[in-house]
Amino acid sequence: MIGAGYVGLVSGACFSEFGVNVTCVDTDKDKIERLTRGEMPIYEPGLDNLVLSNVRAKRLSFTTDLKAAVTGAEAVFIAVGTPSRRGDGHADLSYVYAAAREIAEALDGYTVVVTKSTVPVGTGDEVERIIREARPDADFDVVSNPEFLREGSAINDFMRPDRIVIGTESERAQEVMRHLYRVLYLIETPIVFTSRTTSELVKYAANTFLATKITFINEIADLCEKVGADVQDVARGIGLDGRIGRKFLHAGPGYGGSCFPKDTLALAKTARAAGIPLRIVETVIDINDERKKGIAEKVVAACGGSVAGKTIAVLGLTFKPNTDDMRDAPSLDIIPALQRAGATVRVFDPEGMSQAKALLNGVVWCDDAYETLIEADALTILTEWNEFRALDLERMKSLMKSPVMIDMRNIYDSSAMAEAGFRYASIGRPPVKPR
Ligand code: UDX
């Protein structure tokens, strides 16, 4: 497994749990040393135990020595990062190609080289070309096998996936892949075999479709607010239609994270380059960017039109719960906007504080939810961590200057909040006057 980041580490640990002997390789010496000591570089529920037990069982190990790990391996997964390239939004494939070159040097006997990183259509061809050029004698196939792991539930997503997509036309490679995934094959997980190019596109199409679904319900939420409808009922009303489905219809402050923003952009770029602009996708990207930039206005409006000189408490900084990942989190747009409007911002997140510290300036870092509320003129909840779902409303009121809550994830009940005396605003739901 080349790359011990999110995808590589989770996939490596899960394969080892399936009984496969896995070596995770990373160029970051410090990370490898920490992993060897059992310290996780990321927060992902259950990962530490999974890693530890498989290290003990000697099925999982970590190294910086790519050559040693690749030599003799039946399959080599490329799971390195593909960040958005600065300036143009294309996926930066330099890490993928560098890995391919190094793998080429180490190949020994028939090997399946698998791209697990999300890579643009055609990358598999390029990886094959690089390896072939470096090692005309090598016996290998290049396969695309995209991951569909969600942060926070990555292990479950790996162990019980809706499907596995494997892109290769080589029967020999298919056999190796089927063998690697045999545990899932036995529990009748659908395995979709496609061409390599199709498989690469499946990943982008899946993420872009989900981002579109979220953006659709976010726009419907805005309309609900204007006409006095309830977006959660709309989501349920349409989601129960099996053709639509209930998932990914939670309105919120806009999607973030390591995948949706990057992948939607990369697909739009690929399509433009192919002369087939995807106008829906381009619009989704614009709407989501504008939403994250503009949604601080909701807080301002709830504070009576100005936050100048006011103190705003923010609960939740990460782009979603159960992760410490701050990449493209809505908080990174909302908090600076509130600061520019003159507010003092007090923040707390259960896992995201250390990453957030490098990205947010001038905020007051608090140790828990209640400390955040001290003398606050309003509270906004940006991430639906479980521990924010059942706050003690009376205690909150006693700490805050005024009982105002802007719930960007709709985790509280409007009537109950009104009953408790809160001025409560949420996303796409009719306001209820405080009693
Ligand atoms: C996503 C895909 O789900 C996963 O299959 C892919 O491999 C990687 O990208 P992830 O980024 O971890 O996973 O999180 P996800 O749970 O999909 O949420 C992404 C963003 O959408 C978050 O900001 C989340 O808050 C937002 N979201 C999600 C909504 O606003 N509403 C929803 O209904 C669902």
Side-chain angles (χ1 to χ4, degrees), residues 5-8 10-11 14 42-45 47 79 81-82 91 115-119 144-158 160-165 199-200 202-222 231-232 234-236 238-239 244-267 284-285 287-289 291-292 295 316-334 349 351-352 381-385 388 407-411 426-428:
Y6 213 97
V7 171
V10 171
S11 308
C14 290
I42 50 166
Y43 172 77
E44 178 64 31
L47 185 62
T82 55
T115 51
K116 193 102 189 123
S117 305
T118 302
V119 291
S144 158
N145 172 219
E147 50 81 20
F148 301 99
L149 310 174
R150 281 165 305 172
E151 293 186 12
S153 53
I155 292 167
N156 191 57
D157 287 350
F158 194 99
R160 274 171 276 288
D162 290 336
R163 80 311 203 179
I164 298 161
V165 177
S199 166
E200 288 169 345
V202 165
K203 173 62 200 252
Y204 281 102
N207 272 356
T208 302
F209 190 86
L210 294 170
T212 304
K213 211 173 168 188
I214 297 168
T215 304
F216 175 81
I217 204 67
N218 282 343
E219 283 208 304
I220 295 288
D222 292 346
V231 73
Q232 283 181 311
V234 174
R236 194 171 139 75
I238 63 173
I244 296 174
R246 291 180 65 178
K247 294 182 180 160
F248 280 68
L249 285 178
H250 298 290
Y255 61 76
S258 63
C259 289
F260 288 174
K262 170 169 76 72
D263 294 351
T264 45
L265 206 57
L267 181 62
V284 163
I285 295 167
I287 295 172
N288 195 63
D289 284 348
R291 184 173 190 82
K292 288 200 285 190
I295 204 137
L317 299 172
T318 51
F319 78 100
K320 65 175 216 174
N322 297 325
T323 177
D324 59 354
D325 200 333
M326 285 293 299
R327 280 177 281 182
D328 280 308
S331 63
L332 297 177
D333 285 308
I334 297 170
D349 187 280
E351 295 293 339
I381 297 181
L382 297 186
T383 316
E384 67 278 33
W385 285 93
F388 302 152
D407 176 2
M408 301 281 193
R409 299 288 181 171
N410 291 352
I411 56 177
S426 57
I427 304 274

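Read the numbers this way: they start at 1 and go in the same order the structure lists the ligands and their atoms. Scope of the values below: all heavy atoms of this structure, side chains included, with no hydrogens, waters or symmetry mates. Keep in mind that this is a model prediction, so the values were computed, not measured.
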With the threshold set at 4.0 Å, does a side-chain nitrogen-carboxylate oxygen contact exist between Glu384 and Lys320?
no
Side-chain ion pair, Lys262 and Asp328, N-O less than 4.0 Å: no
Checklist entry - Will you find, in the side chains of Glu147 and Ser11, an N or O donor that is under 3.5 Å from an N or O acceptor? => result no
Point to revise | Aromatic ring pairing Trp385/Tyr43, orientation class (parallel under 30°, perpendicular over 60°, tilted between) | key: tilted
Chain-and-number sorted residues having a heavy-atom contact under 4.0 Å with ligand 1 are Glu147, Phe148, Leu149, Arg150, Glu151, Lys203, Asn207, Ile214, Phe248, Leu249, His250, Tyr255, Gly256, Cys259, Phe260, Phe319, Lys320, Arg409
- [ ] Show your working on side-chain contact (heavy atoms from CB on, under 4.5 Å) between Ile411 and Ile381 and close with a plain yes or no.
- [x] CA-CA 9 Å; Ile411 56 177; Ile381 297 181; 4.0 Å; yes
Sorted by chain and number, sequence neighbours left out, side chain to side chain contact (heavy atoms under 4.5 Å, CB included) with Ala221 holds for Val231, Ala251, Ile427
